[in-house]
Amino acid sequence: MGYGPSDIRNVGLVAHGSAGKTSLAEAILFNGGSITRLGRVDDGNTVMDFDPDEIKRKISINAAVAFIDYRGKRINIVDMPGYADFVGEVLAPIRVCDSIISVVCAVSGVEVNTEKTWEYATELGLPRMVFINKLDRERADFYRVYEMVKDYLSRNAVPITIPIGAEQSFTGVVDLLKEKAYIYERDRSGKFREDKIPADMEKRVAEIREMLIEKIVETDEELMERYLEGSEISPEEITRAMRKAVLSGEVVPVLAGSASENIGIRQLMDYIVDLLPSPSDRPPVKGSHPDTGEEILRSPSPSDPFSAWVFKVALDPYVGKLVYMRVWSGEVAADSNVLNSTKKEEERLSNLSYPMGKSLIKADKAIAGDIVVIAKPKVSGFGDTLCAKDAPIVFPSVKFPEPVYFLAIEPKTKGDEDRLSNALQRLMEADPTFKSYKNVETGDTVIAGMGDIHLDVAIDRMKTRYNVDLNVRMPKIPYRETIKGRSKAEGKYVKQSGGRGQYGWVWIEYEPLPRGSGFQFEDRIVGGVVPKQYIPAVEKGLREAMQKGVLAGYPTVDFKAILYDGKYHEVDSSEMAFKIAASLSFKKGIAEANPVLLEPIMEVEVTVPEDYLGDVMGDLNSKRGRILGIESKGRLQVVKALVPMAEMARYAITLRSITSGRGSFRMSLSHYEEVPPEIAKRIIEEAQREQEEERK
């Protein structure tokens, strides 16, 4: 099929988990002739949910892309996950869509992730459509859910198809613009017949249609005048005005159907073609020159220089690394050499293909508006810009939320360390919201993500794909130790028993410093009682010793050590002797200077709907948190608090439970504070037990 940018529709399917996005994608692909059999999520045989983890869990984890050629148009469907843990697979793919269809369950209504994905689309200025799904289910109610759509998503929402029947008797839809009824066969074939509007629906259809027509003509002055004068307005004029209103966001069409029963899908497909934008209808994309930073615009035109943006990386066990990109401008032939302007290296567009779920269909070229895949790229990865060598441009990447859930991992088998390192590298390459790092203070290898399901999936993948079995636990808290009092302590290391001995003898004074000061060393030696060449060794001995404090083995901070006296031996003194003497003084002196345990305090910002404010504040107080203040942000409240890190380990799960998934939070390290004595006692006893076990 030869097509241009105006013949493409890049449509994102977004929703809360289990609203039926993947089933809708399957029905569109089946009705569009891209597949010959209608799969089911429960059977694990859909085109979009092909990852073994998705099949096992029966949820979408990755964004997936497939297409149909329908009525002379290429419709690319981008199916995105509905669970907040996989937000990374929404924030980048939604950027390459020209419109979205928000899928809403006719039973559950508008849920938290429906609202969040709607907000993302609003920020990007994307035209939207709503599909009220699962109208065949028990307790399904189109009109109740439509009111929720107006309340929670958009006052501009208007139905253009409404259901015939409900629950078990849901048999088809009425198209309000065409004033026709479509009665479907209940065999999932998608076959239907055109019919008259059922007599018992005529009154309701007339009322809703009048509301719809009024909403459309309000957006066009000329049509408004003719409408008020009672003149006839043709269906073509109405559709044209509605398309314009949908593109501007003044109208949000709402359609009815059931994806699993394949009812109402053909009408949805027609309205995707008739009402939703092509790349040519969208504004030019902003980028900048990689060297000068000057702003550059790229239009979705084949005559503009080639440019594309990588929105997804997948690691296929058979093909290897796959890079998904949206072509923003120009056109490019397969196997061309282009510039990766992000990395300033050349890239070959090898094995250029159109994605069809996990299958790849060979492409000879890609034009503005296309979504294509290249296999085994040399340098390209997530967020990179590819462009013509003689017209460099860089497109901005996506800002992802910081991880909120952390686990410590270690391979069950010592020999698996290299395999683990490789697995972590691969997972981070494919998922920008998954992080891994070594905590130098605790020695933990930490993995971080958006929630417990996110990290469960990552751990499963390490086991099944990379053959690494793991021990998993909550990360150790990086406690620290300090002193509140002053002390003086001798450190004496003398060994003289024939031949060359060891001789180092120091007196050091210890005093506390303000929180956050770290460690200071002062040399107050007079008269050369400790020769200058050994003084750095004293400091080094202290710095090494302070890594394992006297209370529970945590680093000691915020103190000053003053070397004020000592002795040496002409022959037996050495740097090593003075280093050991300093460490002996440290252990004794710190123990006598009222040592205390410090814990990290996090600055936490929790965003919740007002209904949950009291519960969230009560929970933070129970976690030894201090509420700093509350700010309003539209319909949401933002609670700012200081909470000990030890109390925040499972907060991502707790907050989801308290707020039914409607809350979100972020946190960063604020400062260290003294641990309350009763809690410190427990931590110290635990650390001492662990040290005992290690010694055994």
Side-chain angles (χ1 to χ4, degrees), residues 5 8-15 21 25 48 60-67 75-82 84 86-102 113-114 116-129 247 249 276-288 295-300 304 306-314 322-330 340-342 354-355 366-374 380-387 393-401 429-434 450:
I8 298 173
R9 303 286 183 272
N10 290 314
V11 183
L13 301 185
V14 295
K21 290 176 288 58
M48 298 303 211
S60 297
I61 291 169
N62 311 299
V65 185
F67 68 89
I75 301 175
N76 290 314
I77 300 293
V78 184
D79 178 24
M80 291 169 259
F86 308 106
V87 66
E89 292 284 326
V90 177
L91 290 175
I94 201 171
R95 281 262 301 263
V96 306
C97 299
D98 296 314
S99 60
I100 64 148
I101 296 173
S102 189
N113 251 40
T114 325
K116 285 183 179 173
T117 50
W118 192 269
E119 281 167 25
Y120 302 149
T122 305
E123 285 165 21
L124 294 167
L126 295 177
R128 280 149 290 176
M129 197 179 257
L247 299 196
L276 293 183
S278 73
S280 305
D281 297 311
R282 301 287 295 141
V285 183
K286 288 179 185 174
S288 57
E295 186 176 280
I296 304 171
L297 296 179
R298 284 277 186 270
S299 295
D304 261 31
F306 165 72
S307 68
W309 182 69
V310 176
F311 68 93
K312 177 178 169 62
V313 170
L322 298 173
V323 160
Y324 289 66
M325 61 186 191
R326 156 81 190 250
V327 181
W328 289 124
S329 62
N340 179 320
S341 53
T342 310
Y354 302 119
I367 65 163
D370 269 337
I371 292 175
V372 287
V373 174
I374 57 171
S380 297
F382 175 80
D384 286 357
T385 300
L386 300 177
C387 58
I393 186 171
V394 175
F395 296 114
S397 198
V398 177
K399 190 175 183 338
F400 292 101
E429 197 177 346
D431 180 358
T433 58
F434 175 79
M450 304 315 299

Counterpart residues, side chain to side chain donor-acceptor pair (under 3.5 Å), relative to T342 (two or more places apart):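 Checked T342 against side chain to side chain donor-acceptor pair (under 3.5 Å); zero matches.
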Partners meeting side chain to side chain donor-acceptor pair (under 3.5 Å) with T114 (sequence neighbours left out):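 So T114 forms no side chain to side chain donor-acceptor pair (under 3.5 Å) with any residue.
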N/O donor-acceptor pair under 3.5 Å between T385 side chain and F395 backbone: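 Side chain of T385 to backbone of F395, a donor-acceptor pair under 3.5 Å: yes, one is there.
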Among all residues two or more places apart in sequence or in another chain, which pass the salt bridge (Lys or Arg N to Asp or Glu O under 4.0 Å) test with [X]?
X: D281; result: R243
X: D370; result: none
X: R9; result: none
X: E429; result: K321

Test ring-ring contact (aromatic ring centres under 6.0 Å, His included) applied to F86 - qualifying residues, sequence neighbours left out: H454
ring-ring contact (aromatic ring centres under 6.0 Å, His included) against F434, all qualifying residues, sequence neighbours excluded: none
Please name all residues satisfying side-chain contact (heavy atoms from CB on, under 4.5 Å) with [X], sequence neighbours left out, ordered by chain then number.
X: I296; value: H289, R298, I393
X: T117; value: V14, V90, Y120
X: E295; value: K286, L297
X: A430; value: L315

